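Note that the structure is a prediction, hence the values are computed from the model and not measured. Reckoned from all heavy atoms, side chains included, excluding hydrogens, waters and symmetry mates.
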Amino acid sequence: MLAGAGSGKTRVITERIAALIERDVPEDAITAVTFTNKAAREMRERLLARLGDTAKRLRICTFHALGLMMVREHAELVDRSAQLTVYGPGEQKSALRTVLADMGLPADATQIDRLLRQVSSLKNGLLADDQAERIEPFRERYDALLQRMNAVDFDDLMVLPIRLLRENGDVRALWRMRTRHFLVDEYQDSSRTQYELVRLLVPADGNLTVVGDDDQSIYGWRGAEVRNLFQLEHDYPSLTVIRLEENYRSTGAILKASNSLIANNSERLGKTLRSNLGPGKPVRIWECTTPEEEAARVATDIRAKRAAGARWEDFCVLYRASHQSRQVEMALRDADIPYHVSGGLSFFDRSEIQSVLAYLRLVYNPADDLAFMRAIAKPRRGIGDKALGALAEFAGSQRCSLFDACMHPELRHKRADTLRAFGEMMAMIDHRFCHGEPDDAFDALLHDTGLEQAIREDCSDEQEEERRMANVLELRRWWLRHCEGGGGLKEFLQHVFLVSDRAEEEEPVGNVRLMTVHAAKGLEFDHVYVIGMEDGTFPHKNAVLEQRLEEERRLMYVAMTRARFRLTLSYAKQRRRYGKMEKNAPSPFLDEIEPSAVRWVDRDPGSEEAQEEIEAHMANMRRLLGLAG
C-alpha cells in the first residue's frame, strides 16, 4: 500500500488486522512490526479500542523487538543465554575501546565513533570488499567480546535472527507459523537486513502486507533503502499495489506545492496527493537579509497568530541541521514565546540513569563486564585501574566474568576483600529482586550500594541535585508501573534498551516546537516554518556531492507535508560561516515548486500574504509599546 503523507497509514494496518481477526485468523498467526516503540504503542492502542482484550494477544512490536524475541528464544543457537543484555551506543563504544586496547591501538573518541559506524556497516553488508576486509578483524574481536559478556548490539538483533532462520529449518518453520500474516508499517525505512528478515519469514506465496511511502524515505544515511519497495514486485510476483492518495492533513495549496516538488524525483513509484480540506492559502516564501531577520520574522508571525487565537503548540520551526536553531531560540526568547527544542539528551543517556541501569544490568546478567565496571566505579571503593586490570587478567585465566572472578576463592589481591564484599552485596540485591517487593529492591539498590549518595555528591549545587534525583525517582516510578503490569527485570531492561529513538520523548504541551526535519517525521502542526532554504544548506552540500539529491528532495517533501494549514519557507541572502559573512543563493528546491502554489512575499508587496505580515508586524509593535508603557 503506497500511502502518502497524511493518508492514514497506521489506520490501514489496524483495519487490516481487525479484518483478519473478524475472519477468525488466530491471534498468534499475526505479527505486525514498525520502526519505533511509539508507533507500535499507538497501533496497539488503536487495536485495543477496536478489538478489546483480543489485541493484548497480538504480536505488535518494532523490528528490533521481534529480533530480540527470536534471539532470546533460541539463544543457545547463537551462543548466548536467555539472560542476554542489549548494548546501546555507550556500551558498544566501551566494548570497542577494550578491543582497541587489547590490540595495542589508540582509542580516542573520534576513532571509536568511526570504527563503530564501520562495524555496523559491515554487519549490515554496506561496506565495499576492500573496506570489509580491513574492518573484519575488529568486528571478530568485538563480536567475541559481546559473546563472552552474553550481550548483543542493535545490529545483532537483525543479523542473528537472519542467521537463525537460514541455518535452522525448524526455527524457520516455527516463525513462519507465527508470521502467517505479516504486516510492516513505514516500509520505506527498512534496511537491507530487515528486508532479508522479511523474505525469510514470508515465502513468495505468503501473506505479506506492507505500508509505506517511497516519497518519505529519508534515512538512507543510517541504512534505509527505498529500493526495498521496488524489489517487492520481483520477490512477490502476486503483489497487488494500492495507492492511498487522499490526504486528511494538509490544504490543497500545500499539497500542490509538495506534489510538484517531489515529481522531480525519478526514483519513485508515483502518486499524487489530493486534499479534502479545500484549497487553503498559498505557501509563503520569505526572502530575508540575515538569519537574525529570518528568526525575527518567524517570532513576529507566531506572536500575531497567537493573538488571533492559535495555541503555542500549533507552531513548529523546522531546519536541516540542529545548529540552525540558535538564532530562532534567541528571537523566541526576546518575544517571550515558550519553546521546546526536540532531540536533546535522552532520558536514558543521563549519567545518573546510566549508573542505575548498570546495577540493574549486573543484577540481571552477571556476565555483563561493562555493567560491572561501571557499577564498581560508582561510588568509589578504592578499586583503581590496576586492581581492575589484575581482576580482568585473573578472569581471563579462569575464563569467567569479572563478577565471578571477584567471588572466586583463588583470587589473590590486596583488594580481594573489597572485591568480594562488592560481589556479596550484589548477590544480596539480586535476592531482593528475585524474592522481595519491587520498591524495596530498587531502594536497596540505591541505598545499600551507596549509589544515591554518590549521585548527590557529584552535583555542583542544590538545583542539579534536585534535577538528578528527580530523574532517578522517575525511573523508579517507571519500574514500579512496569511491575504492576506483570513484568519483571528482564522485560523492564528489554524495554529500556529498545527505547532508542527520539520519537519516544514526551511531546511538550504549551510550547512552540523546534526540530530538525528528520525528527519531525510522523508529526503534524497547523503552522510550519522551514528556515534556511539556501543552496548548500537545504539541500545540504554534502548530499549534493554524494549524489543524494533525491533523498534531500524527499526530506524537503517531508518538511512541507508536516503543515496542516499554513506553510512558510524562508532563506537568508547572507549567513555567517566560519567567522565571515557569505552570500547565499536560494535553494533550488524553491524553483521546483509549482509557481501558482506559492507567494514570494518580498517580491509581491501587494499580495495578501504581504499584507498579513504587515499586520503581524504592527501587532507586534503594539505589543512592545504596550509593554514599554
J.: Can you list the steps and then say if Val71 with Asp156 is a side chain to side chain contact (heavy atoms under 4.5 Å, CB included)?
T.: CA-CA 9 Å; Val71 172; Asp156 290 330; over 6 Å; no
J.: If we ignore hydrogens and angles and just use 3.5 Å, is the side chain of Asn264 paired with the main-chain N or O of Leu261 as donor and acceptor?
T.: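 Yes, because the side chain of Asn264 sits within donor-acceptor range (under 3.5 Å) of the backbone of Leu261.
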J.: With under 30° as parallel and over 60° as perpendicular, where do the rings of Tyr219 and His518 fit, or are they tilted in between?
T.: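 Ring orientation, 0 to 90° scale: tilted.
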J.: Any chance the side chains of Asn124 and Asp155 put a donor and an acceptor closer than 3.5 Å?
T.: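 Distance-only check passes for Asn124 and Asp155.
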J.: State whether the number of non-hydrogen atoms from other residues, nucleotides or ligands found under 6.0 Å of Met177 atom CE is greater than 12.
T.: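 For Met177, atom CE is not crowded (no more than 12 foreign heavy atoms under 6.0 Å).
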J.: Check whether any side-chain heavy atom of Asn207 sits under 4.5 Å from a side-chain heavy atom of Leu20, and report yes or no.
T.: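 Result no, sub-4.5 Å side-chain heavy-atom pair not found.
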J.: If only atom types and distance count, is the side chain of Gln111 paired as donor or acceptor with the main-chain N or O of Asp108 below 3.5 Å?
T.: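 Not at all, since once roles are kept as given, no pair shorter than 3.5 Å links the two residues.
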J.: Using only atom types and a distance under 3.5 Å, with no angle test, would you say the side chain of Tyr236 pairs donor to acceptor with the backbone of Val202?
T.: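 Present.
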J.: In Å and rounded to the nearest 0.5 Å, what is the CD1 to CZ distance from Ile162 to Arg192?
T.: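 Reported value, rounded in 0.5 Å steps: 11.0 Å.
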J.: I'd like to know if Glu22 and Arg50 make a salt bridge, using a cut-off of under 4.0 Å between side-chain N and carboxylate O.
T.: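 So Glu22 pairs with Arg50 through a salt bridge.
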J.: Using only atom types and a distance under 3.5 Å, with no angle test, would you say the side chain of Ser275 pairs donor to acceptor with the backbone of Ser250?
T.: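 It does hold such a pair.
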J.: Do the charged groups of Arg268 and Glu550 touch, with an N to O distance under 4.0 Å?
T.: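 Result for this pair is no, no salt bridge flagged.
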J.: Answer yes or no: does atom CZ of Arg57 have more than 12 heavy-atom neighbours from other residues, nucleotides or ligands under 6.0 Å?
T.: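 Enclosed.
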J.: Under 4.0 Å between a side-chain nitrogen and a carboxylate oxygen: does that hold for Arg199 and Asp235?
T.: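 Yes, charged N to carboxylate O under 4.0 Å.
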J.: Strictly distance-based, threshold 3.5 Å: is any side-chain N or O of Asn365 a donor or acceptor partner for the main-chain N or O of Met149?
T.: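 Yes, because the side chain of Asn365 sits within donor-acceptor range (under 3.5 Å) of the backbone of Met149.
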J.: So which heavy atom on Thr179 is nearest to which on Trp175, and how close?
T.: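 Heavy-atom minimum between the residues: OG1-O, 2.7 Å.
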J.: Applying salt bridge (Lys or Arg N to Asp or Glu O under 4.0 Å) to Glu546 and Arg548, what does each step give before you reach the verdict?
T.: CA-CA 6 Å; Glu546 296 166 9; Arg548 292 189 288 108; 2.8 Å; yes
J.: A quick test of your reading: do over 12 heavy atoms of other residues, nucleotides or ligands sit less than 6.0 Å from CG of Asp102?
T.: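 Yes - once you tally the heavy atoms of other residues, nucleotides and ligands closer than 6.0 Å, there are more than 12.
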J.: Please lay out, stage by stage, how Lys93 and Leu96 fare under the test side chain to side chain contact (heavy atoms under 4.5 Å, CB included).
T.: CA-CA 5 Å; Lys93 291 176 184 178; Leu96 281 174; 5.7 Å; no
J.: Quick one: are Asp185 and Phe35 in side-chain contact, heavy atoms under 4.5 Å?
T.: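 When only atoms from C-beta onward are counted, Phe35 and Asp185 do not touch, as no gap falls below 4.5 Å.
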J.: Is it true that Thr561 and Arg249 share a donor-acceptor pair across their side chains at a distance under 3.5 Å?
T.: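 No pair is found: no donor N or O on one side chain lies under 3.5 Å from an acceptor on the other.
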J.: Is there side-chain contact between His540 and Leu555, with heavy atoms separated by less than 4.5 Å?
T.: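 Of all side-chain heavy-atom pairs linking Leu555 with His540, none is under 4.5 Å.
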J.: Between the side chain of Arg562 and the main-chain N/O of Leu523, is any donor-acceptor distance below 3.5 Å?
T.: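 Indeed, once roles are kept as given, a pair shorter than 3.5 Å links the two residues.
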J.: Heavy-atom count check: over 12 atoms from other residues, nucleotides or ligands less than 6.0 Å from Met69 CE?
T.: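 Count over threshold, so yes.
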J.: Got a donor-acceptor contact below 3.5 angstrom from the Arg176 side chain to the Leu200 backbone?
T.: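 Yes.
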J.: What closest approach, in Å, do Pro539 and Ser587 show between heavy atoms, and which atom pair accounts for it?
T.: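 Shortest heavy-atom contact: CD-OG, 3.5 Å.
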J.: Taking all non-hydrogen atoms of both residues into account, name the closest pair between Ala32 and Ile17 and its distance.
T.: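 Closest approach of Ala32 to Ile17: CB-CD1, 3.8 Å.
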J.: Could you walk me through whether Tyr195 and Glu225 pass side chain to side chain contact (heavy atoms under 4.5 Å, CB included), step by step?
T.: CA-CA 9 Å; Tyr195 185 67; Glu225 296 198 11; over 6 Å; no
J.: Between atom CD1 of Ile135 and atom OG of Ser120, what is the distance when rounded to the nearest 0.5 Å?
T.: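 Reported to 0.5 Å precision, the distance equals 12.0 Å.
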J.: Rounded to the nearest 0.5 Å, what separates atom CG in Asn228 from atom CD in Gln194?
T.: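 So the gap between those two atoms works out to 8.5 Å.
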J.: Flag yes if more than 12 heavy atoms outside Glu133 fall under 6.0 Å of its CD atom; otherwise flag no.
T.: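 No, not enclosed.
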J.: Just by distance, with hydrogens left out, do Thr272 and Glu245 show a side-chain donor and acceptor under 3.5 Å apart?
T.: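 No, no side-chain donor-acceptor pair sits under 3.5 Å.
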J.: Measuring from Gln188:CD to Asp213:CG, what's the distance to the nearest 0.5 Å?
T.: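 Those atoms lie 6.0 Å apart.
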J.: Would a 4.5 Å heavy-atom cut-off, applied to side chains only, mark Phe154 and Gln92 as touching?
T.: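 Not in contact.
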J.: If only atom types and distance count, is the side chain of Glu91 paired as donor or acceptor with the main-chain N or O of Leu370 below 3.5 Å?
T.: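 No, Glu91 side chain to Leu370 backbone: no donor-acceptor pair under 3.5 Å.
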J.: In terms of side-chain geometry, is the basic nitrogen of Arg166 or Glu196 positioned less than 4.0 Å from the acidic oxygen of its partner?
T.: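 Between Glu196 and Arg166 there is a salt bridge, with a charged N closer than 4.0 Å to a carboxylate O.
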J.: As an exercise, state the distance from CG of Asn150 to OG1 of Thr85, rounded to the nearest 0.5 Å.
T.: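 Output value for this atom pair is 6.5 Å.
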J.: Take atom CD of Glu233 as the centre, draw a 6.0 Å sphere, and report whether it contains more than 12 heavy atoms from other residues, nucleotides or ligands.
T.: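 No - once you tally the heavy atoms of other residues, nucleotides and ligands closer than 6.0 Å, there are 12 at most.
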J.: For the residue pair Thr209 / Arg16, report whether a side-chain donor-acceptor contact shorter than 3.5 Å exists.
T.: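 A donor-acceptor contact under 3.5 Å links the two side chains.
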J.: For Tyr557 and Asn265, does a side-chain donor sit closer than 3.5 Å to a side-chain acceptor?
T.: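 Distance-only check fails for Tyr557 and Asn265.
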J.: Could you check Leu47, Asp28, Thr31 and say which one makes a side-chain contact (heavy atoms from CB on, under 4.5 Å) with Leu58?
T.: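 Of Leu47, Asp28, Thr31, side-chain contact (heavy atoms from CB on, under 4.5 Å) with Leu58 is met by Leu47 alone.
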J.: So which of Arg554, Lys271, Arg243 actually passes salt bridge (charged side-chain N to carboxylate O under 4.0 Å, His left out) with Asp215?
T.: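 Running salt bridge (charged side-chain N to carboxylate O under 4.0 Å, His left out) over Arg554, Lys271, Arg243 with Asp215 returns exactly one hit, Lys271.
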J.: Look at the side chain of Ser260 and the backbone N and O of Ala257, then say whether any donor-acceptor pair between them is shorter than 3.5 Å.
T.: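 Confirmed, Ser260 side chain pairs with Ala257 backbone.
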J.: Could you check whether any side-chain heavy atom of Arg134 comes within less than 4.5 Å of a side-chain heavy atom of Leu127, counting everything from C-beta outward?
T.: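 A side-chain contact is absent here, since even the closest heavy-atom pair is not under 4.5 Å.
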J.: Taking the side chain as everything from C-beta on, heavy atoms only, tell me whether Leu100 gets closer than 4.5 Å to Pro106.
T.: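 No; the side chains remain at least 4.5 Å from each other.
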J.: Which of parallel (below 30°), tilted (30 to 60°) and perpendicular (above 60°) describes Phe182 and Phe63?
T.: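 Plane angle over 60°, so perpendicular.
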J.: Using 4.0 Å as the upper bound for N to carboxylate O, is an ion pair formed by Glu27 and Lys56?
T.: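 Result for this pair is no, no salt bridge flagged.
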J.: Identify the heavy atoms of Tyr142 and Ala95 that sit nearest to each other, and give their distance.
T.: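 Smallest interatomic distance, heavy atoms only, reads CE1-CB, 3.9 Å.
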J.: Quick check: closest heavy atoms across Ile254 and Ser258, and the distance to 0.1 Å?
T.: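 Closest approach of Ile254 to Ser258, heavy atoms only: O-OG, 2.8 Å.
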J.: Can you name the nearest heavy-atom pair linking Leu493 to Leu360, along with the distance?
T.: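 The pair with the smallest heavy-atom distance is CD1-O, 3.8 Å.
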J.: Would you say Tyr187 and Val198 make side-chain contact, with heavy atoms under 4.5 Å?
T.: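 Yes, at least one pair of side-chain atoms sits under 4.5 Å.
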J.: Please tell me if the side chains of Thr34 and Glu42 come closer than 4.5 Å, counting only heavy atoms from C-beta onward.
T.: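 SC-SC contact between Thr34 and Glu42 ruled out.
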J.: Stepwise, does the side chain to side chain contact (heavy atoms under 4.5 Å, CB included) test hold for Asp189 with Lys521?
T.: CA-CA 11 Å; Asp189 294 335; Lys521 188 163 179 292; 3.4 Å; yes
J.: Report, as yes or no, whether the 6.0 Å neighbourhood of atom CD on Glu76 holds more than 12 heavy atoms from other residues, nucleotides or ligands.
T.: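 Counting other residues, nucleotides and ligands, CD of Glu76 exceeds 12 neighbours.
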J.: So how far is it from Leu160 CG to Leu165 CG, rounded to the nearest 0.5 Å?
T.: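 It comes to 11.0 Å.
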J.: What do you reckon, is CZ of Arg11 surrounded by more than 12 foreign heavy atoms closer than 6.0 Å?
T.: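 12 or below, so no.
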J.: Looking at Arg163 and Val159, would you say the former's side chain and the latter's main chain have a donor-acceptor pair under 3.5 Å?
T.: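 Side chain of Arg163 to backbone of Val159, a donor-acceptor pair under 3.5 Å: no, none is there.
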